[in-house]
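FYI, the numbering just counts along the sequence from 1.
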Amino acid sequence: MAKTVEFRPIIKAVKMNSGEKQEVVLTIDNGSLNGKFESLSQLIGEAVNVVIQPSMISYRIPFDRQTDEPQIKYEYDTKKGEVVEKREEQLSLENMEQNAYFKDFVIERDTVDLYIMNAPLLTLPGHIELNPREILDLLQDEMTYEEIAEEMEVKEAAVVTSLEKARMHFAPYAAAWNQIKE
């Protein structure tokens, strides 16, 4: 039996029926199910674990109201061979927040994952408990979130949450890295 079947659907509807059954309607028109129909059909009637994740990661960057320049820049440092964060030095954190407005950006989840997997140095902030590179490695080995959690001796929610926090944190780094890569 197939271990996992990954594809990129669009959620068309969520129906809350009376009683215990709810419906989630997915459509796939991007070819992401090509070659996977047999594996998917083996799961018909089986209980499955579904994790729905957006294919795009959103992030925000503060911009200075007066100069319209970003207060935090993510740049590729050729000496270090990595993306570094640069903040406006002359502003205190309080002044930075008072003089800022935020611009929203999006980046593909796959690009962020590639950055996490390929960055020479991955410094994790304190709010990310699990190593996202290790999680992504195990997902590439076709392990489920449940199996990864069991191996790491944590709850499944901790695995998913840590990976999502890491993706959000590293999204602007990945955007800068992707510009250099292209």
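The closest side-chain heavy-atom distance from Ile135 to Met152 is below 4.5 Å. By the 4.5 Å heavy-atom criterion applied to side chains, Leu124 and Pro132 are counted as neighbours. Looking only at side-chain heavy atoms (C-beta outward), Thr161 and Leu130 stay at 4.5 Å or farther from each other. Using a 4.5 Å heavy-atom cutoff, the side chains of Ile61 and Lys73 are not in contact. Within the 4.5 Å cutoff, the side chain of Leu163 has heavy atoms near those of the Leu139 side chain. The shortest side-chain heavy-atom distance between Ile28 and Arg8 does not fall under the 4.5 Å cut-off.
Between Pro120 and Gly81, the shortest heavy-atom distance links the atoms CG-O, 3.2 Å. In plain terms, the two heavy atoms of Glu147 and Thr144 that are nearest each other are OE1-N, 2.9 Å. Between Pro172 and His169 the shortest heavy-atom distance is CD-O, 3.5 Å. When all heavy atoms of Arg109 and Gln53 are compared, the closest pair comes out as NH1-OE1, 2.9 Å. For the pair Leu26 and Pro9, the tightest heavy-atom approach, listed with the atom from each and the gap, is CB-CB, 3.8 Å.
Here the CZ atom belonging to Arg167 is positioned 4.0 Å from the CG atom belonging to Asp113, to the nearest 0.5 angstrom. Here the straight-line distance linking atom CG of Asp110 with atom CG of Asn178 works out to 11.0 Å at 0.5 Å rounding. A distance of 7.5 Å separates CZ of Phe63 from CD of Glu69, quoted to the nearest 0.5 Å. Here the straight-line distance linking atom CG of Asn34 with atom NZ of Lys36 works out to 8.5 Å at 0.5 Å rounding.
The side chain to side chain donor-acceptor pair (under 3.5 Å) search around Ser162 returns Glu129, not counting sequence neighbours. Residues meeting the ring pair (Phe, Tyr, Trp, His ring centres under 6.0 Å) test with Phe170, sequence neighbours left out: Tyr173.
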Exercise. Give the C-alpha distance, both sets of side-chain angles, the deciding distance and a yes or no for side-chain contact (heavy atoms from CB on, under 4.5 Å) between Met117 and Asp137.
Key: CA-CA 8 Å; Met117 294 299 293; Asp137 272 339; 2.7 Å; yes
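A salt bridge links Arg87 with Glu85: at least one charged nitrogen is closer than 4.0 Å to a carboxylate oxygen.
With hydrophobic clusters built from ILVMFWY side chains whose heavy atoms lie under 4.5 angstrom apart, Ile52 does not share a cluster with Val25. Hydrophobic clustering keeps Val84 apart from Leu122 (ILVMFWY residues linked when any side-chain heavy atoms are closer than 4.5 Å, directly or through intermediates). No single ILVMFWY cluster, assembled from side-chain heavy atoms under 4.5 Å apart, contains both Ile44 and Phe37. Residues Ile57 and Ile10 do not share a hydrophobic cluster, defined by chaining ILVMFWY side chains whose heavy atoms lie under 4.5 Å apart. Cluster membership for Met56 and Val112, using ILVMFWY side-chain heavy atoms within less than 4.5 angstrom, is not shared.
Within a 6.0 Å radius of CD1 in Ile11, other residues, nucleotides and ligands contribute 12 heavy atoms or fewer. Shown here is Lys86, whose NZ atom has no more than 12 heavy atoms of other residues, nucleotides or ligands within 6.0 Å. When the shell of 6.0 Å around CD of Glu146 is examined, it contains 12 or fewer heavy atoms from other residues, nucleotides or ligands. For CD of Glu153, the number of neighbouring non-hydrogen atoms (other residues, nucleotides, ligands) closer than 6.0 Å is 12 at most.
The main-chain N or O of Met143 is never found under 3.5 Å from a side-chain atom of Asp141 such that the two would form a donor-acceptor pair. Checking side-chain atoms of Arg133 against main-chain N and O of Ile116 turns up a donor-acceptor pair under 3.5 Å.
When the options Ile107, Val106, Asp104 are evaluated for a side-chain contact (heavy atoms from CB on, under 4.5 Å) with Ser58, the one that passes is Val106.
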